[in-house]
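Since the structure comes first, as structure tokens, the remarks are kept for the end.
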Amino acid sequence: TAAVQETFELYPNPAESEFMLDMELNTTERDAQVIILNMVGAQVYAGTVGIDNGTIYQSIHLDDTTPSGMYIVKVLVADKEYTKQLVIQK
């Protein structure tokens, strides 16, 4: 099978508190760690999401008290790390 073009999307972005994590990955792994950090490096979210045939399609809900601002979404799959910026806008 040909290698998949890897994609990593967050939407909506900016988000209020809930957003979709939508990824296509070249992996046989079954799960991934999702860590969300604020701009000073404090963790505001950590969780595990399932990977189905290389696809992650998961709603992530941040605590309603999460302040507006810029955040870093990290997705860890085996030994790979994917990062993207997310804006929370109340």
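Note that the structure is a prediction, hence the values are computed from the model and not measured. We number each residue from 1, following the sequence as shown.
Judged by distance alone, the side chains of N53 and T55 never bring a donor and an acceptor atom under 3.5 Å apart.
Side-chain N or O atoms of K90 include none that pairs as donor or acceptor with a backbone N or O of A15 at under 3.5 Å.
Pairs of residues two or more places apart, or lying in two chains, never qualify as side-chain hydrogen bond (donor to acceptor under 3.5 Å, both in side chains) while including a residue from residues 68-79.
Taking the side chain as every heavy atom from C-beta outward, Y45 and D63 never approach each other to under 4.5 Å. Under the 4.5 Å side-chain criterion, counting only non-hydrogen atoms from C-beta, D22 is not in contact with T7. Side-chain contact between T48 and V34 is absent, with no heavy-atom pair separated by less than 4.5 Å. Residues M23 and V75 meet the side-chain proximity criterion, which asks for heavy atoms closer than 4.5 Å. Using a 4.5 Å heavy-atom cutoff, the side chains of I35 and Q43 are in contact. Looking at heavy atoms from C-beta onward, I51 lies in side-chain contact with V77 at the 4.5 angstrom threshold. Two residues are said to be in side-chain contact when any heavy atoms from C-beta on lie closer than 4.5 Å; K84 and I72 fail this criterion.
Ionic pairing of E6 and K80 is present here: one or more N-O contacts between side-chain nitrogen and carboxylate oxygen are shorter than 4.0 angstrom.
Residue E81 places its CD atom among more than 12 non-hydrogen atoms of other residues, nucleotides or ligands, all under 6.0 Å distant.
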(message) Let's go through V73 and Y82 carefully: what are the C-alpha distance in whole Å and the side-chain angles of both, what is the deciding distance for side chain to side chain contact (heavy atoms under 4.5 Å, CB included) to 0.1 Å, and is it a yes or a no?
(response) CA-CA 8 Å; V73 178; Y82 304 85; over 6 Å; no
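From L86, atom CG reaches atom CG of N13 across 4.5 Å, with rounding to the nearest 0.5 Å. Summarising the geometry, atom CG belonging to L25 is positioned 11.5 Å from atom CD belonging to Q5; distances are rounded to the nearest 0.5 Å.
Ring-plane geometry between Y11 and Y57 is classed as tilted, the angle between the planes lying from 30 to 60 degrees on a 0 to 90 degree scale.
By the salt bridge (Lys or Arg N to Asp or Glu O under 4.0 Å) test, E24 pairs with no residue at all, sequence neighbours left out.
Under the 4.5 Å side-chain heavy-atom criterion for ILVMFWY residues, no single connected hydrophobic cluster contains both M20 and I60.
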